[in-house]
Amino acid sequence: MKEACGVFGVFAPGRAVAQLTFDGIYALQHRGQESAGMAVSDGQTITVVKDMGLVATVFDERTLSGLHGHLAIGHTRYSTHGSSDWNNAQPAYRPVGRAGFALGHNGNLTETESLIKRAGMLPGMTASDSDVVASLLASEFSERGNEERAELAGAIEAVIPDLAGAFSFVLMDADHLYGVRDPHGFRPLCLGRLGAEDAPEGWVLASESPALDVIGAAFVRELSPGELVTIGAEGVSSRQLFDTDEVADRLCIFEFVYFARPDTRLHGVEVHGARRRMGELLARQAPVEADMVMAVPDSGVPAAEGYARASNIPYGQGLVKNRYIGRTFIDPDHQARMNAVRRKLNPLRDNIEGKRLVVVDDSIVRSTTVRSVVKMLREAGGAEVHLRISSPPFAWPCFYGIDTPRRSELLAANMSLEEIRRHLDVDSIAYISLENLKEAIGAPGVDFCDACLTGNYPVPVPVSFGDPEDDGAIGSAALQAALPGV
Ligand code: 5GP
Ligand code: SF4
Ligand code: MG
């Protein structure tokens, strides 16, 4: 399973925008570790630097000191659609208009094939949907070349409303920064301000609010689903790109479960608190007698803390995580994935031996992690293992920016709860209910995308679920009928 990308943008004349962008995308590193990049404009020229690797590998003092301007966008990528190679690193750049334009994309479009045709690209010419959008914008942009209003804005307003799927974009031309969210708001995007409220010194866009914190920007607000924000010397303006009946707030519920940083605020809720409450509610929903509550680090820690607090069972550490394993390449074969987990996690034997353990993690996808963990804990002398998962069973692939395996590889799509318990070799297992998950998040009246947990896809998806036999796109009702959930 791969996570969503991170996007960032800053318009701040007089500030070192390349350094600000570096700090911003560094704070968003968890959203993608495959490639990093930024585009910087000085009003005349847009310069793009991008490469495979982590933010701190791609950029150093020397690269940054050569990047001058008043406006920049940045990106961290974990490939979803499109293979992981240099050509797909972002920002994508097109030399159209006065200085060209650049874009960074977080999400995944659902109808790429028809877009490729429309963009006049040859199938196979590109593998990334973000690239297709860049090409669509480029042809629209050049057609407008002679018009008075030849900025990127016109092209954005013409192209983006026809896209389907998940997208949070940051875009820039020579003098403007743009941010746009798809009409369901699957992926987060927020606006921040540098300087005082009555004397702003610049404006910032970021996937998550900690990227604002680290550069000293104040959080202003989240962009609304379907909203386009335009930032330039004249200030900030906003417009809705989609019809009212197309707009529905469906932020990815997994941002709360796993993807977002714990210190991120979404819908006004701090993610760490939500995860702790997931653990508290899980303790009430599925109590058990035990000696110690432990987490699968790091993702399970806040929920384990909550479980311990609500159950009055002491919290302890049962596993140590090697922090220096930067990227564990997700290998296609099972044994290699098991080895990767084993290299990353090691048991604390004295803490485990003879104990009845409650083990908390945020999710089970293929089950590689928990299987490996349970094996380690048993070998280290754990007396009982009670698994508690702070998300409901993950039984449906995601088509909105998270690259999840085929349905056939998803554990919960193929086994009953008792089969899962036996397969994982645990004494008991419980997943938080969807109702409790939503209560733990605590954003009343807010709807989320929960398609990977329920099969209710807010935007039609290919029916093939990643299995090569069939294709075509049908809506969620038909999907449900065709493949009833578990
Ligand atoms: P599994 O090992 O069952 O296939 O995946 C579940 C584990 O991977 C959990 O520990 C969870 O924290 C983590 N995980 C869940 N979603 C993602 C993802 O999108 N990317 C990465 N790298 N890890 C994930
Ligand atoms: Fe998030 Fe799941 Fe919806 Fe994908 S399907 S956007 S992971 S809630
Ligand atoms: Mg994890």
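Sequential numbering from 1 along the given sequence is applied to the chain's residues. Every heavy atom of this structure was used, including side-chain atoms; hydrogens, water molecules and symmetry mates were not. Start at 1 and go down the list; that is how both ligands and their atoms are numbered.
For the side chain to side chain contact (heavy atoms under 4.5 Å, CB included) with Val359, the qualifying choice from Leu387, Val293, Val370 is Leu387, the only one to do so.
Under 4.0 angstrom from ligand 1, the non-hydrogen atoms of Ser299 all belong to its side chain. Under 4.0 angstrom from ligand 1, the non-hydrogen atoms of Val365 come from both its backbone and its side chain. Under 4.0 Å from ligand 1, the heavy atoms of Asp362 that appear belong solely to its side chain. Residue-level proximity to ligand 1 for Phe259 is carried by the side chain, the only part with a heavy atom below 4.0 angstrom.
Inspection of the environment of the Mg ion (ligand 3) yields the following protein N, O or S atoms under 2.8 Å: Ser299 OG.
Within 6.0 Å of the CD atom in Glu435, the count of heavy atoms belonging to other residues, nucleotides or ligands does not exceed 12.
Atom 1 (Fe) of ligand 2 has no N, O or S atom of Cys398 under 2.8 Å away, backbone or side chain.
Aromatic pair Phe394/Phe254: ring centres closer than 6.0 Å.
Between atom CG of residue Asp162 and atom CD of residue Glu111 there is a gap of 10.0 Å, rounded to the nearest 0.5 Å.
Ser35 and Asp51 form no side-chain donor-acceptor contact under 3.5 Å, judged by distance and modelled atom types alone.
Taking every non-hydrogen atom of Ser363 and a distance limit under 4.0 Å, the qualifying atoms of ligand 1 come out as 6 (C), 7 (C), 9 (C), 11 (C), 15 (C). Those atoms of ligand 1 that come under 4.0 Å of a heavy atom in Ser367, given as number and element, are 1 (P), 3 (O), 4 (O).
At least one heavy atom of Ile364 sits closer than 4.0 Å to an atom of ligand 1. For the ligand labelled ligand 2, residue Arg187 lies inside the 4.0 Å heavy-atom shell.
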